[in-house]
J.: 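Once you've had a glance at the structure underneath, I'll fire off some questions.
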Amino acid sequence: MGKVLVIGCGGVAQVAIQKCAQNDAVFDEICIASRTVSKCDDLKKKIEAQGKSRSKITTAKVNADSVDELIALIKSVKPDVVLNLALPYQDLTIMDACLACGVHYVDSANYEPEDTEDPKWRAIYEKRCKELGFTAYFDYSWQWAYQEKYKKAGITAILGTGFDPGVTSVFTAYALKHYFDQIDTIDILDCNGGDHGYPFATNFNPEINLREVSANGSYWENGHWVETKPMEIKREYNFEQVGMKDMYLLHHEEIESLAKNVPGVKRIRFFMTFGQSYLTHMKCLENVGMLRTDPVMFEGKEIVPIQFLKALLPDPASLGPRTVGKTNIGCIYTGTKDGKKRSIKIYNVCDHQECYKELGSQAISYTTGVPAMIGTMMVMTGQWKGAGVFNVEEFDPDPYMEALNKWGLPWTVDENPILVD
Ligand code: NDP
């Protein structure tokens with residue numbers, strides 16, 4: 001049917017690309033590109049050696065910080081869709097290149113700058129903090145600003161098709177379509193019950209992960225943001241197939257788009273589970289300055305502490321063989337249907353070892369990479385179409401929900417869920 005160009009070949013991309021190759025009726029051709037072409041070549045060899053996919057796979061070298069390099073690559077590959085699975089830092093350059101070439105764009109995380117001390121970015125950021133009331137480094141304004149340009153060019157941008165954001169937002173559209181006339185509250189619960197046996201490691205890119213969890217928390221209530229100190233709000237929850245876990249309220253990107261796209265929603269919160277040991281390690285690293293994102297001089301050379309830390313920590317892509325246990329990620333909704341109050345939970349349970357057996361990856365990469373393939377498939381097949389910039393909850397959730405069941409992330413609806421106080 002069509003050709004996808006995937007930018008990035010990290011933990012998430014490795015799953016998405018292998019899933020595209022399984023789905024060879026849709027993805028005739030897959031081009032994998034990043035700065036380290038040898039990693040792309042290794043994945044190509046791995047898929048070809050299995051001999052199960054009819055997709056033609058090619059690789060290329062690109063620095064996605066350069067719009068010119070991206071344009072040259074897109075012009076030579078001629079993809080139908082570009083799937084951005086590099087880092088959030090590259091979102092705008094890749095969106096610019098897609099716009100210049102008239103090609104659809106899909107990603108899994110919203111834009112944030114690599115250098116948060118850049119004065120030009122900082123001035124806009126500080127104005128936004130005051131106006132909107134949350135201080136996370138990422139927000140959708142940068143990518144939503146492409147709306148008119150994408151509309152005019154007649155191309156589609158799909159923002160945030162991982163698990164959260166991504167599946168959690170599609171769950172919300174599905175709940176609204178089939179279970180509610182009005183959704184009042186949404187609690188997104190992200191539980192990783194997996195154990196990799198290391199004293200400290202992150203399950204996806206350490207820099208992005210540690211920035212996210214060491215930041216202030218926030219939630220949406222009655223039309224505005226309420227900000228909290230990092231890890232200030234803690235709850236316990238008994239997760240199906242995982243058990244009792246501590247979870248903490250975080251700011252998360254889909255809160256921003258769901259607040260805009262779910263009419264009349266009164267409260268949206270996001271909770272993620274963390275063990276005490278993880279939190280103690282993170283606090284210690286933060287206290288000694290290892291989470292700093294600005295360059296410091298070390299023996300006559302500039303280094304960015306969080307990037308140096310990333311070099312010391314285990315590569316998330318290497319956790320697969322050692323991680324045991326399950327993830328349970330889903331959303332609890334309360335609201336009304338036909339004048340009656342109701343609550344439901346929609347969730348997926350994913351087993352780290354099953355993911356490893358299938359694709360050689362742990363469940364965090366799996367639960368992000370599968371929806372990245374599905375979102376791309378929605379655009380490639382025309383099941384989701386429209387000119388402009390969209391978040392996933394703006395489309396019909398049904399074909400995406402069906403695809404989750406088919407491609408490895410089956411979901412359950414619990415009509416009598418435990419609520420979070
Ligand atoms: P990794 O760090 O494992 O991989 C990042 C990849 O991007 C690498 O292959 C790297 O390759 C490539 N890359 C980085 N910079 C550039 C550049 N300048 N030019 C070209 N390629 C580049 O990250 P993950 O796979 O863990 O995460 C990928 C994305 O998924 C991130 O944006 C992350 O935030 C998002 N994510 C989303 C989730 C969700 O549920 N929505 C959950 C987890 C992650 P190289 O260095 O060779 O260039």
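We count ligands from 1, going down the list as the structure has it; atoms in each ligand are counted the same way. Everything numeric in this text was worked out from a predicted model, so none of it was measured.
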J.: Determine, for Tyr347 and Lys345, whether the Lys NZ or Arg CZ falls below 6.0 Å from the six-membered ring centre while staying within 45 degrees of the axis.
T.: yes
J.: Could you give the side-chain donor-acceptor pairs of residues 71-80 under 3.5 Å, partners two or more places apart or in another chain?
T.:
| from | atom 1 | to | atom 2 | distance (Å) |
| --- | --- | --- | --- | --- |
| Ser76 | OG | Leu73 | O | 3.2 |
| Lys78 | NZ | Lys75 | O | 3.3 |
| Asp80 | OD2 | Lys3 | N | 2.6 |

J.: Give me the ring orientation class for Trp121 and Tyr125: parallel if the planes are under 30° apart, tilted from 30 to 60°, perpendicular past 60°.
T.: parallel
J.: Which residue pairs pass the side-chain hydrogen bond (donor to acceptor under 3.5 Å, both in side chains) test with at least one member in residues 107-120, sequence neighbours excluded?
T.: Tyr105-Asp107, Asp107-Gln143, Glu112-Arg211, Glu114-Gln307, Thr116-Thr293
J.: Glu48: which residues meet the salt bridge (Lys or Arg N to Asp or Glu O under 4.0 Å) condition with it, sequence neighbours left out?
T.: Lys44
J.: Run through ligand 1 for me and note each protein residue having a heavy atom under 4.0 Å from it, chain first, then residue number.
T.: Gly8, Cys9, Gly10, Gly11, Val12, Ser34, Arg35, Thr36, Val62, Asn63, Ala64, Asp65, Leu85, Ala86, Leu87, Pro88, Gln90, Ser108, Ala109, Gly162, Phe163, Asp164, Pro165, Phe204, Asn205, Ile208, Thr368
J.: For the residue pair Asn192 / His352, report whether a side-chain donor-acceptor contact shorter than 3.5 Å exists.
T.: yes
